[in-house]
Amino acid sequence: MESFYSFPSAVNEVEYCSGTACFVARELDPKRFSMATKQQSRTYCLGKCYEAPSSSEGKSIPRIEARTGTPIVLDNISSGPVTSLGMYRKRNGFKALQKALEMKPAEVVDEIDRSQLRGRGGAGFPTGKKWASVLSQDSSEKYIVVNADEGDPGAYIDRMIMEMDPFKLLEGGMIAGYATGAKNGYIYIRREYPKAIESISGAIKEMQEAGYLGSGIMGSEFSFSFRVVPGRGSYVCGEETSLLRSIEGRRPEVGLRPPYPTEKGLFGKPTVVNNVETLANVPWIINHGAARFSEIGFSKSRGTKAISLNSLFRNPGLYEVEMGTTLEEIVIGIGGGLRSGKLKGIIVGGPIAGIIHPSKFATRMGYEEMKAAGGELGHGGIVAFDESTSIRDLIAHVSSFVAYESCGKCTPCRLGSRAVENIFSGSNKGKQWTRNDYEILSDTLLETSLCGLGGGLGEFLKSASMNYPKEVDACFA
Ligand SMILES: Cc1cc2nc3c(=O)[nH]c(=O)nc-3n(C[C@H](O)[C@H](O)[C@H](O)COP(=O)(O)O)c2cc1C
Ligand code: SF4
């Protein structure tokens, strides 16, 4: 099983990041980026994309701003970190849990359902529906699993929530537990985020000591506990079935669904798997009501979204915006455009989510709308790149990432990603391929991959050829 993980079999003393934000910023500090390529085990990513190319030595924190009239996720963080339980309570902390405990579990689920909150981890599944499914299962043992793997290079949203507002996430997770009948929560945090592991573990300890965890919480009959599980350096472990196997200590290959984790999840029991940002919305919704939340946003994407901008922007940082904000407003209005060079495109929601050409910046940020533009909202990390990165370079980088992270279960993902990497980074530079071969592999990846890693490479290749047809054509004989 050690072979599955890149950690702890090979530990780098100082880690240099190979993520997409670091790759597109390689010319800002070629020496530093070259260190990443020389490491025995690769690191994708350290969540420091605002100072890319980055290493584990970088200690700065990003600019953090709520750019919406109704901050929800970054409301606390934008006025400074919450460093103790006392400080969190002064900022209305645990009022939502108190309120939820006075409601029936089904009423809490209904409130979340009516808010139209959708999962912020990428797939956009309605959170209320997921909770309702777990609540309806007849089982005395159920689990809440917080997906804090934040594997998409380019995103550092969950990292900052965990480091700077840990109690908010824990409160959201506890409300999920009360609403669905789960008494135990697991928080799976990527090992590339040691400070987040420390901050969440410290917050749990403080809550245990103050009686906010354990039995009879806040004078009620509700009991709950949390356990932190550090990841071990595998992108695929962010996929929910793989993540559950990793917590169970099994080889974390992706599993077939159905059954879904809501029916048969952790240790075979009904399980809610939710992303960090998803749960960070929950206390606000309970405090202010579903109606107020669903008034914010647009189309089928309600509420706000935290977005992270990489170092090539004039104003890199973490921002909260209302769903429906245009990419133009984000890239130019908030990000300030590039600090130098000509903007060639952006990658939103992780390297395999697709490339968006500046001609499509009128697109409004929403799950369906981003897909129609040939991308994905994904987790909301935005990586802008300039003309120093060719589309060929980008295809080589992304396919290399997929080849490195593939769990190997599906042949097109295992072999196809390697083939694309060899062709686009090798000396033959794709000349042995025709456009037809490229299209066939993209379709095969999309149609036959068990999970979003292989499928995502297919989508990425398609989006590259849709948005940059001339450059992709030039790669073939
Ligand atoms: C390859 C792959 C990697 C993923 N990585 C993450 C991740 O790092 N964090 C995350 O929250 N979701 C990730 N997901 C999505 C999860 O499978 C799952 O949909 C999510 O945790 C559900 O939470 P949500 O409904 O709150 O978004 C990944 C999915 C795939 C296919
Ligand atoms: S698509 Fe790739 S990462 Fe996903 S299950 Fe198949 S081989 Fe594994």
Side-chain angles (χ1 to χ4, degrees), residues 4 44-45 47 112 117-131 133-134 144-159 161-162 169 172-173 176 186-193 231 233-246 251-257 260-262 265 271-282 303 305-306 349-353 367 376-381 399 401-418 444-459:
F4 195 94
Y44 293 107
C45 99
I112 297 301
L117 173 66
R118 293 171 68 180
R120 304 305 199 222
F125 191 82
T127 308
K129 302 269 177 290
K130 191 178 278 190
W131 290 17
S133 171
V134 173
I144 303 299
V145 170
V146 182
N147 189 341
D149 202 43
E150 194 163 65
D152 287 334
Y156 49 91
I157 299 152
D158 295 348
R159 183 190 142 214
I161 294 173
M162 289 189 284
L169 167 64
Y186 284 78
I187 310 175
Y188 190 93
I189 310 179
R190 67 194 279 101
R191 62 107 195 153
E192 291 84 347
Y193 290 178
S234 158
Y235 178 79
V236 174
C237 283
E239 192 282 336
E240 58 187 14
T241 59
S242 167
L243 182 140
L244 295 175
R245 288 182 186 194
S246 180
R251 185 176 169 86
E253 278 178 346
V254 175
L256 282 172
R257 294 174 306 175
Y260 288 92
T262 48
T271 302
V272 169
V273 181
N274 268 144
N275 164 261
V276 170
E277 187 185 345
T278 310
L279 290 170
N281 278 280
V282 166
K305 182 78 196 76
I352 49 178
Y367 296 95
E376 292 271 357
L377 175 56
H379 189 34
S399 54
F401 164 72
V402 175
Y404 188 77
E405 295 289 357
S406 171
C407 80
K409 202 165 180 172
C410 320
T411 311
C413 173
R414 187 178 71 244
L415 300 182
S417 55
R418 191 68 72 197
T444 311
L445 282 163
L446 265 173
E447 284 159 21
T448 62
S449 298
L450 190 56
C451 87
L453 185 60
L457 178 59
E459 276 178 40

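Remember, it's 1-based here, ligands and their atoms both numbered in the order they're listed. None of these values were measured; they are calculated from a predicted model. Only heavy atoms go into these numbers, but all of them, side chains included; no hydrogens, no water, no symmetry mates.
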Please could you name the atoms of ligand 1 that [X] approaches to less than 4.0 Å, counting only its heavy atoms?
X: N274; value: 23 (O), 24 (P), 25 (O), 26 (O)
X: N147; value: 6 (C), 7 (C), 9 (N), 10 (C), 11 (O), 12 (N), 13 (C), 16 (C), 21 (O)
X: D149; value: 8 (O)
X: G452; value: 31 (C)
X: R120; value: 27 (O)

Tell me which protein heavy atom sits closest to [atom], plus the residue, atom name and distance to 0.1 Å.
atom: atom 8 (O) of ligand 1; answer: G151 N, 2.9 Å
atom: atom 1 (C) of ligand 1; answer: Y235 CE2, 3.5 Å
atom: atom 18 (C) of ligand 1; answer: E240 OE1, 3.7 Å
atom: atom 23 (O) of ligand 1; answer: N275 N, 3.3 Å

Using heavy atoms and a cut-off under 4.0 Å, could you grab the residues that are in contact with ligand 2, chain by chain, numbers ascending?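 Lining ligand 2: V236, V254, S406, C407, G408, K409, C410, C413, S449, L450, C451, L453, G454.
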Within less than 4.0 angstrom of ligand 1, does V273 place any heavy atom?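 Yes, that is the case, since the closest heavy atom of the residue is under 4.0 Å from the ligand.
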Side chains of [X] and [Y]: is there a donor and an acceptor less than 3.5 Å apart?
X: T241; Y: E239; result: yes
X: D158; Y: N275; result: yes
X: D152; Y: Y235; result: yes
X: Y193; Y: E150; result: yes

I want to check something: taking the side chain as every heavy atom from C-beta on, are [X] and [Y] in contact at a cut-off of under 4.5 Å?
X: E253; Y: R245; value: yes
X: E459; Y: E376; value: yes
X: F401; Y: L453; value: yes
X: V254; Y: V236; value: yes
X: R159; Y: E192; value: no
X: T278; Y: L117; value: yes
X: T271; Y: L244; value: yes
X: V282; Y: W131; value: yes

Within the 4.0 Å heavy-atom cut-off, what T278 brings close to ligand 1 is side chain
Would you mind telling me if ligand 1 is within reach of the side chain of E239, the backbone, both or neither, using heavy atoms under 4.0 Å?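 Contact part for E239 vs ligand 1: both backbone and side chain.
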Is [X] close to ligand 1, meaning an N/O of one under 3.5 Å from an N/O of the other?
X: G121; answer: yes
X: F125; answer: no
X: E150; answer: yes
X: D158; answer: no
X: K130; answer: yes

Can you check whether [Y]'s main-chain N or O pairs, donor with acceptor, with [X]'s side chain at less than 3.5 Å?
X: N147; Y: G238; answer: yes
X: S133; Y: K129; answer: no
X: S449; Y: C451; answer: no

For atom 5 (N) of ligand 1, which candidate among G456, G238, G119 provides the closest heavy atom?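 Among G456, G238, G119, the closest heavy atom to atom 5 (N) of ligand 1 belongs to G238.
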